[in-house]
Amino acid sequence: MNIELFLAETISTQVNQLFDLTTVPTDIILQKTKKEFEGDYTLVTFPFIKAAKLTPEKTGELIGDAILKANPVITKFNIVKGFLNVSLANTFWVSEFKSIAGTKDYGVKQALSSGKQIMLEYSSPNTNKPLHLGHIRNNLLGYSVASILKTQGHDVVKVNIINDRGIHICKSMLAWQLFGNGETPQSSGLKGDHLVGKYYVEFDKAYKKEIQTLIETGKTKEEAEKQAPLIIQAQEMLLKWEANDTKTIDLWKTMNGWVYEGFDVTYKMLGVDFDKLYYESNTYILGKSVVQEGLIKGVFYKKDNGSICIDLTNEGLDEKVVLRSDGTSVYITQDLGTAIERFKEFPKLSQMIYTVGNEQDYHFKVLFKILEKLGYAWAKECFHLSYGMVELPEGKMKSREGTVVDADEMIHEMVQTARKTTEELGKVDGFSEHELQDLYMTIGMGALKYFILKVDPKKKMLFDPKESIDFNGHTGPFIQYSHARIQSILRKSGIDISAISINDDIELHDKEKELIKHQYDFVKALEESATTLNPAIVANYIYDLTKVFNQFYNECPILKEENVAIKNFRIMLIVTTSSIIKNGMLCLGIDVPDRM
RNA sequence: GGUCCCGUAGCUCAGCUGGAUAGAGCAACAGCCUUCUAAGCUGUGGGCCAUUGGUUCGAAUCCAAUCGGGGUCACCA
């Protein structure tokens, strides 16, 4: 039941009668009563004082009296200045709770029930270097948003487009050829993606040295950057790759293979997955025909030098090249082609979400605008899920310069910290060695994932490697711990939950009522999280719920409660709390243990 | 320079579809375990919500300007 709307109906009717207005329930805005005041919901009466021609207090008085008579659920009210605080009957809250307890996976809609299919692209790695903390944010965000959309009954297609070709990959390949001495993941013991990344850094070092030497012979920096032998060789390699040169392709396949093996490990640790993989080596040709089409339609035009452009200056954007004068694609060409391909491949698709950093805001504005101009109606259903960069205290992370927080290292450290903390707390009794490994993984990743997802995606976030991620307070482990606590009580209760029936006229403790109210809000939190594509809303919601649970836990005995009706009610209360915590954390891709 | 985003406690973040005394966590200090897991709970201190002006009965929230930080404006991806 939508409580606000239910109350709004009563208020709307009464206000219309009292002051001769024509409000509808959705005009009536109710908010939760602040803790310092008595009541459940608050109506701000200022908007009505003009029509009432009375003071805010008198207006509130009139409305309060009227709704009290009209709706038996309302038991009393009080007025503070322009605020009408309304209290609802205890039995009402108990019955609300019964409906929550009676709903399996409360707040989560049935799979595929919305009939809406959404494609969500995320991860999109380059195959020349290992993943870092910035990629972690992308992966966790993408996976989490997909999970949240699923709770709304949408059919979510998770896709990953792998940038497996281009000059950056040739750089790694070239450096490996020159300096690698046949090194392999097996021979070096290095994870494949790290091995390839190592040569990407090697390339950059050697390249910089060459530039320095050239500058010393009197070249400008720009000249040196273009004329350095290494970059010329890399470009030649790219041409060979495009010409399908067997040896180049073989090397490319081998090294990319190493990277994929490495990525698979990292993805597995992160707990992310995909329904479909795209490779740029297959898609980079796409879009060329689209450009021809657009040329005929007059959307694009050919410049004197042979390049094909679009003029978006009327849209507040710039002139943009969509095909080079030599006929090769630019970045946006293949994005155009890929988007069109996808909507052909998935004809039911109603939305396309790209999880990409905010440094590409402009690019996506241009992309969507071009698609619109080409006449694709679905262009307005394309959305750039833009997220802020993860920055270090000294600024942006740069792979080439090695100033990155490596994803694998980060994960390893989190798991180690989880182990250390658990051991220090002496909570390892009764676990097998295997169970402990799982537990450390769950807690360590829980801390990392929550740390990243609790922040609004749009905002850039700061990570200081010197300050370790906390396990106390507003954190993943705090929520996991609370879940484990509940499970522990339920284990000890020995009660068959399905046999419990709830007494309607139970006297509610403040914290019990607060818990019910918070549980009720889960639906709204999920919905809002889904419409705004913002996992932080669920993350912060679950924290609030958990916080209230812990207060309740401290004030209200459960198993030791002597009154059986109250005891049973409290057991049900923690059952539903536990279920919401679990489903909410699932939306963040975080597991909750039964013991810790 | 054009354009977009951001600026809330020492630090990391909530709050932003306008509403009551701006909230958490961390850090600091003081309490609470013979009683359901102390990864917890309770309390104390800490704020010209960047600045100025405007709209409004009412502004952290909306608008404008200014200052500060960042992104972007490639025939790179």
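A, B, ... follow the sequence lines: proteins, then strands. Residue 1 opens every chain.
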Exercise for the section: Check the geometry between A:Phe478 and B:G40 and answer yes if their rings are stacked (centres below 5.5 Å, planes below 30°), otherwise no. Expected result: no
Practice task
For B:A14 and B:A77, measure between their C1' atoms and round to the nearest Å.
Solution key: 36 Å
Problem - Output field: ring centroids A:His474/A:Tyr450 closer than 6.0 Å - result: yes
Practice task
Determine the interatomic distance between C1' on B:A20 and the same-named atom on B:G15; round to the nearest Å.
Solution key: 15 Å
Practice task
Considering only atom C1', compute the distance from B:C4 to B:G18 and round it to an integer number of Å.
Solution key: 25 Å
Problem - Neighbour count >12 (heavy atoms, 6.0 Å) for atom NZ, A:Lys582 - result: no
Exercise for the section: Choose from B:G19, B:C26, B:A20 the nucleotide whose nearest atom is closest to any side-chain atom of A:Pro47. Expected result: B:G19
Handout entry: B:A24 versus B:C32 - spacing of their P atoms, nearest Å
Key = 23 Å
Problem - Separation between the C1' atoms of B:G46 and B:C11, rounded to whole Å - result: 12 Å
Practice task
Report the relative orientation of the aromatic rings in A:Trp252 and A:Trp241; use parallel for angles under 30°, tilted for 30 to 60°, perpendicular for over 60°.
Solution key: perpendicular
Exercise for the section: Step through it carefully: locate the ring centre of A:Phe478, locate the ring centre of A:Tyr543, and say whether they are under 6.0 Å apart. Expected result: yes
Exercise for the section: Enumerate the residues from residues 541-554 of chain A whose closest heavy atom to RNA chain B is under 4.0 Å, giving them by residue number; use none for an empty result. Expected result: A:Tyr543, A:Lys547, A:Asn550, A:Gln551, A:Tyr553, A:Asn554
Exercise for the section: Would you classify A:Thr42 as touching base, sugar-phosphate or nothing, given that sugar-phosphate means primed atoms plus P, OP1 and OP2, and contacts are heavy atoms under 4.0 Å? Expected result: base
Exercise for the section: Just call it for A:Glu280: base, sugar-phosphate, or nothing, with non-hydrogen atoms closer than 4.0 Å on any strand. Expected result: sugar-phosphate
Extract from the structure each pairing of a protein N or O with an N or O of nucleotides 7-18 of chain B at less than 3.5 Å, listing the distance.
| residue | atom | partner | partner atom | Å |
| --- | --- | --- | --- | --- |
| B:C13 | OP1 | A:Leu462 | N | 3.2 |
| B:A14 | OP1 | A:Asp456 | N | 2.7 |
| B:A14 | OP2 | A:Lys459 | NZ | 3.0 |

Exercise for the section: Ignoring the backbone of A:Lys492, work out which of B:A20, B:C36, B:A39 is nearest its side chain. Expected result: B:C36
Practice task
Find out whether the Lys NZ or Arg CZ of A:Arg485 is both under 6.0 angstrom from the six-membered ring centre of A:Tyr553 and within 45° of the ring's axis.
Solution key: yes
Practice task
Compare the minimum distances between each of B:A77, B:U72, B:A38 and the side chain of A:Arg485, then state the nucleotide with the smallest one.
Solution key: B:A38
Practice task
Using a 3.5 Å limit on both pairing distances, list the dot-bracket string of RNA chain B from the 5' end; Watson-Crick and G-U wobble pairs count, crossing pairs take [ ], interstrand pairs take |.
Solution key: (((((((..((((.....[...)))).(((((.......))))).....(((((..]....))))))))))))....
Problem - Nearest-nucleotide 5' precedence on RNA chain B, A:Asn358 against A:Val321 - result: A:Asn358
Problem - Proximity of A:Tyr331 and A:His363 rings by center, below 6.0 Å - result: yes
Practice task
Taking only Lys NZ, Arg NE, NH1 and NH2, and the carboxylate oxygens of Asp or Glu, determine whether A:Lys365 and A:Glu315 approach each other closer than 4.0 Å.
Solution key: no
Exercise for the section: Sticking with atom C1', work out how far B:C13 lies from B:C49, rounded to a whole angstrom. Expected result: 14 Å
Problem - Euclidean distance for C1', B:G43 against B:G58 (whole angstrom) - result: 33 Å
Practice task
For B:G10 and B:C5, measure between their C1' atoms and round to the nearest Å.
Solution key: 26 Å
Practice task
Select base, sugar-phosphate, or nothing to describe what A:Lys560 touches, counting heavy atoms under 4.0 Å on all strands.
Solution key: base
Exercise for the section: Take A:Gln416 and A:Tyr440 through the side-chain contact (heavy atoms from CB on, under 4.5 Å) test and state the conclusion after the steps. Expected result: CA-CA 7 Å; A:Gln416 286 314 305; A:Tyr440 300 150; over 6 Å; no
